[in-house]
Amino acid sequence: MKKVTLLFIALLVVATLSAQKFSGLAKTPPMGWNSWNKFACNIDEKMIREIADAMVANGYKDAGYEYIVIDDCWHGQRDSLGFIHPDPVRFPSGIRALADYVHSKGLKFGIYSDAGTQTCGGKPGSLGHEYQDAIAYASWGVDYLKYDWCNTENVNPIGAYTTMRNALFSAGRPILFSMCEWGNSKPWMWAAEVGHMWRTTGDIYNCFDCEVNHGTWKAWGAMKILDMSENLRQYAAPGHWNDLDMLEVGNGMPANEDRAHFTMWCMVASPLIMGHDLRNASKQTLEILTNRDAISINQDSLGVAGFRYATRDSVHVWCKPLKNGEWAVTFLNRGTKAVSFEFDWKSEAIADPLLGYKLDTKATTFSWVDIWNKKLTGTTKDKLKCLISGHDAVLLKLSAKPKKK
Ligand code: GLA
C-alpha cells in the first residue's frame with residue numbers, strides 16, 4: 001500500500017514538473033466567435049447552437065473561423081465534491097451535449113473561467129478548483145479556455161495562469177489557453193510558455209477611438225487598444241499572440257470604422273474572435289469579416305506582427321512582412337476627414353526595425369492590389385495616389401513582380 005502511494009506521489013510530481021502548455025496550437029492567430037461583446041450574460045444553449053449553425057451556413061467557417069466560445073455566465077453551482085455544473089435553466093442539455101453539437105458542425109468549442117474566487121459576472125471562479133475544472137472541461141470536449149482575472153486579490157498572476165496551464169496539460173485534452181488578465185502584469189514578458197494568447201489591455205468598447213470610464217476600470221475604443229499595444233510586436237509569434245480583444249465588427253460602428261478596426265487586427269496578427277450576432281449580420285459586416293485576402297494577412301505563416309512605419313498628418317502607414325517576401329501595407333486614416341494621399345515608394349526606405357525585413361522597391365518592383373477594392377492595382381514604380389475616407393483604411397498586398405523574360 002505504501003509503495004502504491006509513493007508511486008502515485010512520484011507520478012504526480014513528475015507530471016507536475018513536466019507540465020507544459022500544449023504545443024502545436026495557435027500556429028497562426030486563433031479565429032472564432034465569443035458570446036460576450038454582443039450578448040454578455042444573455043446566453044443559452046439554443047442561441048449558441050444557432051450561432052454554430054450560422055458560422056457554417058453564412059460562410060464564416062469556410063473563411064477560417066473555427067472556435068465557438070461561450071464567455072461568462074454559463075455556470076451553475078459547484079456540487080458537494082466541488083465539480084462545476086452549468087446553469088440548469090440556460091444549459092439544460094449540459095455542456096458536453098453542446099460541445100458535441102459544435103463539433104458535429106466541424107467547429108471547435110471554447111469555454112470561460114476566471115483565476116479568482118468569482119468570475120467578473122459573479123459566477124464561481126476556478127481558484128482552488130483548477131485541476132477539477134480542467135478535468136471537467138476535458139471530459140466535456142472543450143478545445144479552448146478563456147481565463148479571466150476578476151476577484152484575484154492576493155493572487156499571483158504567473159502562479160495562477162501556470163497552475164491552470166498545468167491543470168489543462170495534466171487533464172490530457174489539447175485546450176488552447178487564452179489568457180485574459182488585461183495586460184496588468186505584462187504577460188508578454190513571461191507567458192510565451194504559459195498561454196497561446198494574452199490580452200494586452202482592458203476591455204474593448206464598440207467605438208473607433210473613445211474611452212469609457214467605469215470608475216474602477218476603463219473600456220477602450222479600437223484605436224486606443226491599437227495604440228496601447230503598439231510596442232508589443234516582438235512578443236507575438238506562432239504559438240503565442242498579443243490579443244487586442246474580441247472584434248466589435250458588426251456591432252454598430254459604420255462600415256468604414258469596422259473596416260479599419262478589422263484591417264488593424266489583421267495587421268498586428270491579433271486573434272480574430274468575432275463578437276457580433278452571426279445569425280443576422282449585414283452583407284457589409286459579412287464581407288469585411290470574410291475577406292479572404294485580409295484574413296490571409298492575419299494568418300500569414302511567417303507570424304510577424306506589423307509595425308507603424310510612418311505618420312503623415314492623420315494617416316498612419318503600417319507595414320507587415322509576409323512569407324515569400326510579400327508585404328501588407330496599410331494607410332490608416334485616424335482623422336474624420338477624407339484624405340487625398342500620395343506615397344512615392346521609391347523615396348521610402350521601409351525596413352522592419354526589429355527583424356530586418358526590407359521592402360526594397362529600388363531593387364525589386366512590387367505589384368500591389370487594394371484588398372478592399374480589388375479593382376485598384378498598381379506597381380511600386382509609380383507613385384501611389386489614393387483617397388482614404390475618414391476613419392478608414394486602405395489595405396494593400398504587395399508581391400514581387402515576376403521579371404519579364
Ligand atoms: C472581463 C473580460 C471580458 C469578459 C467579461 C465577462 O471584463 O475582460 O472579455 O470576459 O469579463 O464578465
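One-based numbering, in listed order, for ligands and for the atoms of each.
- Using a 4.0 Å cut-off to heavy atoms of Lys146, the atoms of ligand 1 that qualify are 3 (C), 4 (C), 9 (O), 10 (O).
- Atoms of ligand 1 lying under 4.0 Å from any heavy atom of Trp36, numbered from 1 in the order shown and given with element: 4 (C), 5 (C), 6 (C), 12 (O).
- Each of the atoms 2 (C), 8 (O) of ligand 1 lies under 4.0 Å from some heavy atom of Cys180.
- At least one heavy atom of Tyr112 sits under 4.0 Å from some atom of ligand 1.
- Side-chain atoms of Asp71 and Ser35 form no donor-acceptor pair, as typed in the model, at a separation below 3.5 Å.
- When each atom of ligand 1 is checked for a heavy atom of Met246 under 4.0 Å away, the hits are 9 (O).
- In terms of protein heavy-atom proximity, atom 12 (O) of ligand 1 is closest to Asp72 OD2, 2.7 Å.
- Side-chain contact, Tyr205 with Asp245: no donor N or O sits under 3.5 Å from an acceptor N or O.
- Side-chain contact annotation: Thr200 with Ser229, donor-acceptor N/O pair under 3.5 Å present.
- Close approach of ligand 1 to Arg199 (heavy-atom distance below 4.0 Å) involves ligand atoms 8 (O), 9 (O).
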- Query: Could you walk me through whether Arg173 and Asp143 pass the salt bridge (Lys or Arg N to Asp or Glu O under 4.0 Å) check?
  - Reply: CA-CA 8 Å; Arg173 181 180 171 90; Asp143 306 296; 2.6 Å; yes
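- Ranking protein heavy atoms by distance to atom 7 (O) of ligand 1, first place goes to Asp203 OD2, 2.7 Å.
- Between Glu181 and Arg199, none of the side-chain N atoms (NZ, or NE/NH1/NH2) sits under 4.0 Å from a carboxylate O, so this pair counts as no salt bridge.
- Ligand 1 has Trp182 within reach: a non-hydrogen atom of the residue lies less than 4.0 Å from it.
- Those atoms of ligand 1 that come under 4.0 Å of a heavy atom in Cys120, given as number and element, are 1 (C), 11 (O), 12 (O).
- Inspection of the Tyr112 and Asp148 side chains reveals an N or O donor paired with an N or O acceptor under 3.5 Å.
- When Val69, Asp114, Asp71 are checked for heavy-atom proximity to atom 4 (C) of ligand 1, Asp71 turns out nearest.
- For the residue pair Thr263/Trp372, the side-chain donor-acceptor check at 3.5 Å is satisfied.
- Of the N and O atoms on the side chains of Ser126 and Asp133, at least one donor lies less than 3.5 Å from an acceptor on the other residue.
- Looking at Asp148 against ligand 1, only its side chain comes within 4.0 Å, counting heavy atoms.
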